[in-house]
Amino acid sequence: MRILLKNKIVIGCVCLILAALLAFGLLPKLYNSQSATTEVVRLNQTVEYGTVIDESMLTLVEVGAYGLSDRVATSKADLIGKVAATTVYADENLLPERFMCLEDFEKEAVKQDANLEAGQVLITVSFPTVSSGIAGLLRGGDSVDVYEYAADELGQSVVNKALAGMTVYDVLNSKLISLADLDAEFEADETLNADDYDFVPAYVIFIANEQQAKTLIKLEREKSMHLTLQEAGDR
């Protein structure tokens with residue numbers, strides 16, 4: 001009986017000590033961590049996909065630090081100049097995956113405009129002559145076959161079809177101005193003089209897969225490329 005009583009006293013003392021540690025040690029730390037605050041960056045307006053973030057859109061807000069992700073933006077500099085990768089709402093915590101740099105956004109926009117599929121790229125090639133680029137007729141959306149001309153073992157010229165059904169994304173003049181943009185200018189103002197504009201195709205941008213891109217690079221380097229128009233796109 002006496003031993004049992006001693007054990008109860010010991011257990012009671014241990015419980016009191018643990019309670020004291022909890023009350024005066026752990027609980028204050030827990031309460032302090034829950035009541036601690038920090039500043040985070042938030043939008044003061046909802047922005048849509050593609051919006052470039054400037055300082056006027058941002059504000060610093062004091063929030064509770066407990067349970068807050070360490071990935072939440074805490075500096076305006078982290079977001080200024082970034083582009084919204086989706087719709088981002090005012091007063092929500094801002095995470096890095098909701099934004100992208102301007103260069104990545106422009107690349108993504110080009111892919112979307114070109115309707116690129118998985119494995120496709122845009123590749124620009126130059127032409128040695130006006131005729132090799134189908135004079136001034138070629139425009140974005142056209143379908144062309146690509147021919148290679150070379151000399152055989154006897155020194156005779158040989159022409160082979162290297163690629164079929166290649167889609168043209170755009171055609172540029174020597175100043176890298178799209179011929180389609182020049183067409184639009186003339187449609188908007190009939191008083192313009194065509195002699196003042198360069199409609200000579202110097203570069204063609206193709207939609208291609210990796211193997212087609214390699215073939216185009218080879219033909220461009222060898223200056224042995226010629227196009228034939230197979231199907232005109234929407235004009």
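These numbers were taken from a predicted model, which means no experiment stands behind them.
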Hydrophobic clusters here meaning ILVMFWY residues chained together by side-chain heavy-atom distances under 4.5 Å, can you tell me if [X] and [Y] are in one?
X	Y	answer
Leu138	Leu219	yes
Phe199	Phe127	yes
Ile80	Val88	yes
Tyr203	Val121	no
Val146	Ile123	yes

Quick check for you: to the nearest 0.5 Å, what is the distance between [X] atom [atom1] and [Y] atom [atom2]?
X	Y	atom1	atom2	value
Lys76	Ser56	NZ	OG	9.5 Å
Tyr89	Leu94	OH	CG	13.5 Å
Thr87	Glu48	OG1	CD	4.0 Å
Lys82	Arg98	NZ	CZ	14.0 Å
Thr38	Leu60	OG1	CG	10.0 Å
Gln230	Asp145	CD	CG	4.0 Å

What's the shortest heavy-atom distance between [X] and [Y], and which atoms?
X	Y	result
Asp142	Ala232	OD1-CA, 3.3 Å
Ser178	Asp170	OG-OD1, 2.9 Å
Ala208	Ala213	CB-N, 4.0 Å
Val52	Met57	O-CE, 3.4 Å
Ile53	Leu79	CB-O, 3.5 Å
Ile207	Met166	O-CE, 3.6 Å

Lys218 vs Lys214, side-chain contact (heavy atoms from CB on, under 4.5 Å): CA-CA, chis, key distance, verdict: CA-CA 6 Å; Lys218 171 181 176 293; Lys214 290 180 179 179; over 6 Å; no
Ring centers of Phe99, Phe105 separated by less than 6.0 Å: no
CD (Glu97) with more than 12 external heavy atoms under 6.0 Å: yes
Glu39 CD: over 12 foreign heavy atoms closer than 6.0 Å: yes
Side chain proximity check, Val159 to Glu148, heavy atoms < 4.5 angstrom: no
Side-chain touch Pro201/Leu179, heavy atoms, less than 4.5 angstrom: yes
Thr59 versus Asn44, side-chain donor and acceptor atoms under 3.5 Å: no
Reference residue Phe206; test side-chain contact (heavy atoms from CB on, under 4.5 Å); the match among Thr167, Leu122, Thr124, Val144: Val144
Stepwise side-chain contact (heavy atoms from CB on, under 4.5 Å) check, Ile177 with Tyr197: CA-CA 10 Å; Ile177 299 174; Tyr197 293 82; over 6 Å; no
salt_bridge(Lys175, Asp198) N-O dist < 4.0 Å: no
Under 3.5 Å donor-acceptor, Asn160 side chain and Ala162 backbone: no
Donor-acceptor under 3.5 Å (Glu220 side chain, Ile217 main chain): no
